[in-house]
Amino acid sequence: MKARGLSEDEVLAILHEKREQDLSYDRIFSSMCTPAHPIALKAHQLFQETNLGDPGLFPGAAELEQRAVKMIADLLGYPDAVGYLSTGGTESNIQAIRAARNAAGIRDGNVVVPRSAHFSFDKIGDLLRLEVRKADLDEELKVDLNSVERLIDEKTVALVGIAGTTEFGQVDPIDRLGDLALDRGLYLHVDAAFGGFVLPFMEKKWRWDFGVEAVSSISIDPHKMGMSTVPGGGLLFRDGRHLDMLAAFAPYLTDNRPTALTGTRSGGSAAATWAVMAHLGKEGFTRIVRRCMALTDQLVAGARAIGVEPVLEPIMNVVALKAEPSPEKVRSELMKRGWLVSITQDPRALRLILMPHATRDNIDLLLDDMAAVMRQL
Ligand code: PLP
């Protein structure tokens, strides 16, 4: 830091220059984030300086957080669910497994997750000193229940199912995982960080939320398909006792038993999440999801027309394309042409997310470039 500060104009000039180096979302097909809805931005700005880590000072922000949690609880099929708005899927997953571990009272335990689980579960193993056991997937890339069953033992503190896998957008058989969890008396966490704001608005109805009796907690991210601002996560528990398992003692705060992982946390995203949910309603989210699915269909049909098959018929707005012989090469050629796409690990494929910022025109342009790249290979 310099002794004498820069003028506001000088600082703004640097900020604008740096912002221009950032990519614009319209050519990004690799991210599960999207620009927030305008009303979410307004709400965030209004509440950005509020701190939900000390909610008694900001009762308005705290009420909006709890109203948003209530709306999410309704959406997830259990209006009495309790929880809080976190910084994202990683924090929600950490906290859910921490609650399960504390409830089980086992310190050197294990957690059984699908092989398709997000890498946040590897962090969880490290942070919570749990062994993360990875269950095999079936040919549709859903978790294989026999494999889950084989990995459970007396030290298992939780099972995890995913509603919208990061790489393929697949939904695990949560109801059958639930049967297993009930049978073994185990905690079941559902990671719906991505799918949570997609599945409730699809025509096809899945059994994946609190409607499945054994589901103990759900991660759901407003900053992904919830159109809210970053950082916007959500963690809901069926049973308030699990939320209590996370409480620390902070006598100097207005809430002396905080349960969030972070201390200071902005009420901006909480206000944004409440605002966008209140404004769009189920109709608005249904329109957004329908449009994303129409774009998904457009991409898959276009890819097929140039001889590129999807790994799976898309379940949600996540597409994995075989792009043989080398998805990596196709990716790097597309990146040279300004398209941000990613790849999956197993099986290897080109991965594209059709977020609300995607457009029909850009998908056509991307497909033209993909056809040209495929011809070169
Ligand atoms: N869970 C799933 C299924 C995800 O897809 C992601 C991120 O893509 C996460 C968790 C982690 O979310 P975050 O990046 O908000 O921490």
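This is a predicted model, so every value here is computed, not measured. Read the numbers this way: they start at 1 and go in the same order the structure lists the ligands and their atoms.
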Arg291 vs Leu295 side-chain heavy atoms within contact, under 4.5 Å:
yes

Is Asp122 paired with Lys134 through a side-chain N to carboxylate O contact shorter than 4.0 Å?
yes

If I take atom CE from residue Met71 and atom NZ from residue Lys282, how far apart are they, to the nearest 0.5 angstrom?
11.0 Å

Determine whether the aromatic ring centres of Tyr187 and His242 lie less than 6.0 Å apart.
yes

Salt-bridged, Lys155 to Asp153, with N to O below 4.0 Å?
no

Taking atom CD of Glu10 as the centre, does the number of heavy atoms from other residues, nucleotides or ligands within less than 6.0 Å exceed 12?
yes

Around ligand 1, what residues show up once you keep those with a heavy atom under 4.0 Å from it?
Met32, Gly88, Gly89, Thr90, Asn93, His118, Gly164, Thr166, Asp191, Ala193, Asp221, His223, Lys224

